[in-house]
Trainee: 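Pasting a structure here, questions to come.
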Amino acid sequence: MEEDKNYISLIHGDLTRAAQVQDGMPESIGVMSIKTANRTVLEASLLPTPRALWDSFWYEGELSCLFADSNVGKSILAVQIADRIARTDNVLYLDFELSDKQFQLRYTDEHGNLYTFPEKLYRVSLDCNSLLEADFEEAIIGSIEQMALQTRCKIFIVDNLTYLCCAMEKGDAAGRLMIQLNNLKKRYDLSMLVLAHTPKRSLDCPITSNDLAGSKRLYNFFDSVFAIGKSAQDGGLRYVKQLKVRYGIYSYDADNVILYEIEKVDAFLQFVYRGYSTEKEHLKKLGDNESSQRDCMILQLSQSGKSVREIASQVNCGKSTVSRIIQRSKEAKDMAVPSVPPSQPTTSGTMGQDGTVGTIREVKQAELFAGQENGEDKP
């Protein structure tokens, strides 16, 4: 039955293609491919539905990013993800961070017992001599392509982005890198998870896209992005939060992060599930003095002409928090009733009509105004 349905879809696809040609619309111009929306949907319906590689965070065919601050545990979680996927699929884990010995110790218990990984998990290390090459970033990209060709492996985890692009903060360099990775993904039908850092950030602010180190172009090119945060209330807890989703369900936002605790279980260092929570519960609660200092700095930077994004980056805070503080300040100013400072009574003061003491100048001005209203001529 399914084969008949696919066969009918193929016929419909051929018919729409023929109709497009008959209408004088070319199928391609230069590097661009042109097809009707209906043909696009028909042809895509014949492709298999992407399966989740890890919950709703990473799907087949996606170029995904996992980022976190140093020593929060992104490599631990990435190896755990690789371990799970490798039970059914070949996985190439490109480890540019740990030495072989460091990796071994991480997966050895106190009695010297070693953890046994699935045989389909392959760890790829970097040849130190390649670091001496003038353009080792291109060499790494080229090696990834060769591995995809020779191993036919479809799932890559890269730890971490710094080795692919040293100039991540430069838009042009970051853009070129992401175009190369996306081309590899499409050409060889790859699923790639890239680990990245975040600049030093304050634990009182929620994790946002601005916390991904490097150019904004990096974030824009990823299909999905998720991050690990460290709980400010319990140093042993970590939470995982979704930031960007193109396929699947946006399930784990700030109102529903997943809680974990890092533990070594049977020689395997891993994230152990501890339930769900809101991100707000695990952010640092600012004291009145700290909060006031931060708010003052935000308002000063705003008055100096800085953008919300620039301010957020400078004070290590989310853009929404910065916008809220600036807006709250504007509303407070709008609500304030303008008032004239009361004049100080002098020795020449007189009693006003309402019984208050005013200066002679104020009284004369009042009398003059009253006379004008009664039609009296100006003196």
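Bear in mind the structure is a predicted one, so any value in this text is a computation, not a measurement.
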Trainee: Check the orientation of Phe103 and Phe117. Use parallel for under 30°, tilted for 30 to 60°, and perpendicular for over 60°.
Mentor: parallel
Trainee: Decide yes or no for Val194 and Leu63: does some side-chain heavy atom of the first lie under 4.5 Å from some side-chain heavy atom of the second?
Mentor: yes
Trainee: Looking just at side-chain N and O atoms, do Gln327 and Lys330 make a donor-acceptor pair shorter than 3.5 Å?
Mentor: no
Trainee: Looking only at heavy atoms, which two atoms of Gly235 and Lys230 are closest? And how far apart?
Mentor: O-CE, 3.7 Å
Trainee: Indicate yes or no: at least one non-hydrogen side-chain atom of Thr321 is less than 4.5 angstrom from one of Pro206.
Mentor: yes
Trainee: Drop me the distance from Leu92's CG to Cys153's SG, to the nearest 0.5 angstrom.
Mentor: 4.0 Å
Trainee: What is the minimum heavy-atom distance between Tyr247 and Pro50, and which atoms define it?
Mentor: OH-CD, 3.6 Å
Trainee: Hey, any chance Tyr219 and Leu66 share a hydrophobic cluster, counting ILVMFWY side chains that come within less than 4.5 Å of each other, even indirectly?
Mentor: no
Trainee: Do Leu53 and Ile81 have side-chain heavy atoms sitting under 4.5 Å apart?
Mentor: no
Trainee: Calculate, to the nearest 0.5 Å, the distance between atoms CD and OG belonging to Gln242 and Ser56 respectively.
Mentor: 4.0 Å
Trainee: Nearest 0.5 Å, what's the CG-SG distance between Leu212 and Cys65?
Mentor: 5.0 Å
Trainee: For the pair Glu263 and Arg274, find out whether any cationic side-chain nitrogen is under 4.0 Å from an anionic carboxylate oxygen.
Mentor: yes
Trainee: Closest heavy-atom contact between Ser224 and Trp58?
Mentor: OG-CA, 4.5 Å
Trainee: Before giving the answer on ring pair (Phe, Tyr, Trp, His ring centres under 6.0 Å), spell out for Tyr93 and Tyr122 the whole-Å C-alpha distance, their side-chain angles and the decisive distance to 0.1 Å.
Mentor: CA-CA 6 Å; Tyr93 188 94; Tyr122 297 87; over 10 Å; no
Trainee: For residues Leu181 and Met192, determine if any side-chain heavy atom of one lies less than 4.5 Å from a side-chain heavy atom of the other.
Mentor: yes
Trainee: Start with the C-alpha distance between Thr278 and Glu281, add both sets of side-chain angles, then the distance that settles side chain to side chain donor-acceptor pair (under 3.5 Å), and finish with yes or no.
Mentor: CA-CA 6 Å; Thr278 63; Glu281 292 180 44; 3.1 Å; yes
Trainee: Taking Phe96 as the fixed residue, which of Leu195, Val124, Ile140, Asn160 is the one that meets the side chain to side chain contact (heavy atoms under 4.5 Å, CB included) rule?
Mentor: Ile140
Trainee: Donor-acceptor pair, Thr40 side chain versus Thr36 backbone, under 3.5 Å?
Mentor: yes
Trainee: Under a 4.0 Å threshold between the charged nitrogen and the carboxylate oxygen, would Arg187 count as salt-bridged to Glu145?
Mentor: yes
Trainee: Do Leu77 and Ile228 pass the side-chain contact (heavy atoms from CB on, under 4.5 Å) test, and can you show the C-alpha distance, the side-chain angles, and the key distance before you say yes or no?
Mentor: CA-CA 9 Å; Leu77 181 58; Ile228 305 172; 3.8 Å; yes
Trainee: Quick one: do Leu184 and Val91 end up in the same hydrophobic cluster if we chain Ile, Leu, Val, Met, Phe, Trp and Tyr together by side-chain heavy atoms under 4.5 Å apart?
Mentor: no
Trainee: Show your reasoning for whether side chain to side chain donor-acceptor pair (under 3.5 Å) applies to Tyr239 and Glu279.
Mentor: CA-CA 8 Å; Tyr239 64 87; Glu279 184 179 23; 2.8 Å; yes
Trainee: Rounded to the nearest 0.5 Å, what separation is found between the CZ atom of Phe271 and the CG atom of Leu259?
Mentor: 11.5 Å
Trainee: More than 12 foreign heavy atoms under 6.0 Å from CD of Glu119: is that the case here?
Mentor: no
Trainee: Verify side-chain contact (heavy atoms from CB on, under 4.5 Å) between Ser302 and Ile326, making sure each step is shown before the conclusion.
Mentor: CA-CA 8 Å; Ser302 176; Ile326 294 173; 3.7 Å; yes
Trainee: Which atom pair, heavy atoms only, marks the closest approach of Leu105 to Lys264?
Mentor: O-NZ, 3.3 Å
Trainee: Answer with yes or no after comparing the ring centroid distance for Tyr273 and Tyr276 against a 6.0 Å cut-off, counting only values under it.
Mentor: yes
Trainee: Does a sphere of radius 6.0 Å around CE in Met147 hold more than 12 heavy atoms from other residues, nucleotides or ligands, not counting ones at 6.0 Å or beyond?
Mentor: yes
Trainee: Please report the shortest heavy-atom distance between Lys285 and Gln233, naming the atom on each side.
Mentor: NZ-NE2, 3.6 Å
Trainee: Quick one: do Leu149 and Leu190 end up in the same hydrophobic cluster if we chain Ile, Leu, Val, Met, Phe, Trp and Tyr together by side-chain heavy atoms under 4.5 Å apart?
Mentor: yes
Trainee: For the residue pair Lys241 and Ile207, what are the closest heavy atoms and their distance?
Mentor: NZ-O, 2.7 Å
Trainee: Can you confirm whether more than 12 heavy atoms, excluding those of Asp23, are under 6.0 Å from its CG atom?
Mentor: yes
Trainee: Nearest 0.5 Å please: distance from the CG atom of Asp266 over to the CG atom of Leu114.
Mentor: 13.0 Å
Trainee: Keeping the roles fixed (side chain from Glu310, backbone from Ser307), state whether a donor-acceptor pair exists under 3.5 Å.
Mentor: yes
Trainee: Got Ile155 and Glu60 here, is their nearest side-chain heavy-atom distance under 4.5 Å?
Mentor: no
Trainee: Tell me if a side-chain donor or acceptor on Asn183 pairs with a main-chain N or O of Ile179 at a distance below 3.5 Å.
Mentor: yes
Trainee: Is Ile34 close to Ile29 at the side-chain level, that is, under 4.5 Å between some pair of heavy atoms?
Mentor: yes
Trainee: Any ion pair linking Asp100 and Arg123 (charged N to carboxylate O, less than 4.0 Å)?
Mentor: yes
Trainee: Check whether Phe67 forms a cation-pi arrangement with Lys74 (NZ or CZ under 6.0 Å from the six-membered ring centre, at most 45° off the ring normal).
Mentor: no
Trainee: Could you tell me whether Asp189 and Lys185 make a salt bridge, using a distance below 4.0 angstrom between a side-chain N and a carboxylate O?
Mentor: no
Trainee: Should the heavy atoms of other residues, nucleotides or ligands under 6.0 Å from CD1 of Ile249 be counted, would the total exceed 12?
Mentor: no
Trainee: Determine, for Arg51 against Asp89, whether the closest basic-nitrogen to carboxylate-oxygen distance falls under 4.0 angstrom.
Mentor: yes
Trainee: Under the side-chain contact (heavy atoms from CB on, under 4.5 Å) criterion, do Ser64 and Lys244 qualify, and how do the steps go?
Mentor: CA-CA 9 Å; Ser64 184; Lys244 183 177 182 180; over 6 Å; no
Trainee: Scan Trp54, Phe57, Phe226 and name whichever one has a ring pair (Phe, Tyr, Trp, His ring centres under 6.0 Å) with Tyr252.
Mentor: Phe57
Trainee: Salt bridge check: are Glu27 and Lys35 linked by an N-O gap of less than 4.0 Å?
Mentor: no
Trainee: Please answer whether the main-chain N or O of Val72 pairs with a side-chain N or O of Arg238 as donor and acceptor at a distance below 3.5 Å.
Mentor: yes
Trainee: Are Ser277 and His282 side-chain neighbours, meaning at least one heavy-atom pair lies under 4.5 Å?
Mentor: yes
Trainee: Under 3.5 Å, side chain of Gln180 to main-chain N/O of Ile141, donor-acceptor pair present?
Mentor: no
Trainee: Between CG of Leu94 and CG of Asp159, what distance do you get to the nearest 0.5 Å?
Mentor: 9.0 Å
Trainee: Checking Ser304 against Gln300 for the side chain to side chain donor-acceptor pair (under 3.5 Å) test, could you report, in this order, the C-alpha distance in whole Å, the side-chain angles of both residues, the deciding distance, and whether it holds?
Mentor: CA-CA 6 Å; Ser304 69; Gln300 288 172 359; over 6 Å; no
Trainee: Check the pair His197 / Ser70 against side-chain contact (heavy atoms from CB on, under 4.5 Å), numbers first and verdict last.
Mentor: CA-CA 7 Å; His197 291 298; Ser70 298; 4.2 Å; yes
Trainee: Is a side-chain donor or acceptor of Thr198 paired with a backbone partner of Asp211 at a separation under 3.5 angstrom?
Mentor: yes
Trainee: Between Leu218 and Phe156, is there a shared hydrophobic cluster once you connect ILVMFWY residues whose side-chain heavy atoms come closer than 4.5 Å?
Mentor: yes
Trainee: Does one hydrophobic cluster hold both Ile157 and Tyr59, with members joined at side-chain heavy-atom distances below 4.5 Å?
Mentor: no
Trainee: Do Tyr115 and Leu269 have side chains that approach each other closer than 4.5 Å (heavy atoms only, starting at C-beta)?
Mentor: no
